[in-house]
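Take a look at the structure below.
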Amino acid sequence: EYHFLRGRHALLGGNNDAAVKFFKLAATTTGASRYWGAWAESQLRQRVDVEDPASPSNEFSDVLAEMPQASDAVLAAARARLLAASHRVDEARKELETHKGEEIVACTAIIETMLGRSKEAIKACEDGLGDAACSESARQLFLILTARARFHLACASSSVDPSTDMLPP
């Protein structure tokens, strides 16, 4: 827990390099799924190049090779996000098939959002929000992703050209 908390502290301080190091230390020391998930997310945060989807930095085979196989929903979701970021969407979906729960539904919504599939993201969010056992943090994530997807759908149906017209902040 100590190394995980140091990773969170580094993350909050904007030191992604230190966060990666401490999350990895927590994961390898304990083997806990949530620590592996934090390490995977820190790798995504540090390496994804949203400006250039074809960038070699968007390949996470090295991270996937170091992670344990998915034995629970937390690991499956972390591995699926890495696969999706690596443009291996079919493998990401397959990774999620054997597990259930809000972590899997949230990951599905995130992947659909990454792919720009707004209607599918909304459907996944509605599924998550419809679960009576949905945690408050997952509920907030589903609401944010739903709002984002609806915004993208609204922009797509308007006459505004996002490359030339400035939307208000």
Is there a path of hydrophobic side-chain contacts, each under 4.5 Å between heavy atoms of I/L/V/M/F/W/Y residues, joining Leu82 to Trp39?
yes

| Thinking salt bridges, do Glu41 and Arg81 make one under a 4.0 Å N-O criterion? | yes

Does atom CZ (Arg139) have a neighbourhood of more than 12 heavy atoms from anything else shown, all under 6.0 Å? yes

The reported gap from CD in Gln69 to CG in Leu64 (rounded to nearest 0.5 angstrom) is 9.0 Å

For Ala106 and Phe142, the nearest pair of non-hydrogen atoms, with its separation, is CA-CE2, 3.5 Å

Taken to the nearest 0.5 Å, the spacing of Arg88 CZ from Lys94 NZ works out to 13.0 Å

If you group Ile, Leu, Val, Met, Phe, Trp and Tyr by side-chain heavy-atom gaps below 4.5 Å, do Val89 and Phe60 land in one group? no

pair Ser135-Glu102: side-chain heavy atoms closer than 4.5 Å: yes

### Query
Does a donor on one side chain sit under 3.5 Å from an acceptor on the other, for Arg93 and Thr108?
no

Q) Is a side-chain N or O of Ser33 found less than 3.5 angstrom from the main chain of Val74, in a donor-acceptor match? A) no

In terms of heavy-atom contacts, Ile111 and Ala92 come closest through CD1-CB, 4.0 Å

query = Would you call Arg6 and Glu1 a salt bridge, using N to O less than 4.0 angstrom?
reply = no

All heavy atoms of Ala76 vs all of Glu95, minimum pair found to be O-CG, 3.5 Å

For Ala109 and Leu145, the nearest pair of non-hydrogen atoms, with its separation, is CB-CD1, 3.8 Å

* Hey, is the main chain of Ala26 close enough, under 3.5 Å, to the side chain of Thr29 for a donor-acceptor pair? -> no

Are Val63 and Leu83 joined in one hydrophobic group, where the rule is that I, L, V, M, F, W and Y side chains link up if heavy atoms are under 4.5 Å apart?
yes

Fill in: Transitive ILVMFWY side-chain link Val20 to Leu44, under 4.5 Å
yes

TODO: Assert yes or no for the condition that the ring centre distance of Phe4 to Phe23 is strictly below 6.0 Å.
DONE: yes

**OP:** State, without any angle test, whether Thr146 and Glu126 hold a side-chain donor-acceptor pair at a distance under 3.5 Å.
**Re:** no

Leu5 side chain reached by His9 side chain, heavy atoms, under 4.5 Å:
no

**Item:** Charged N-O contact under 4.0 Å between Asp62 and Arg47
**Value:** yes

Interatomic distance, CD@Gln140 vs CG@Leu129, rounded to 0.5 Å, equals 11.0 Å

When you group the ILVMFWY residues by side-chain heavy-atom contacts below 4.5 Å and let the links chain together, are Ile122 and Leu115 in the same group?
no

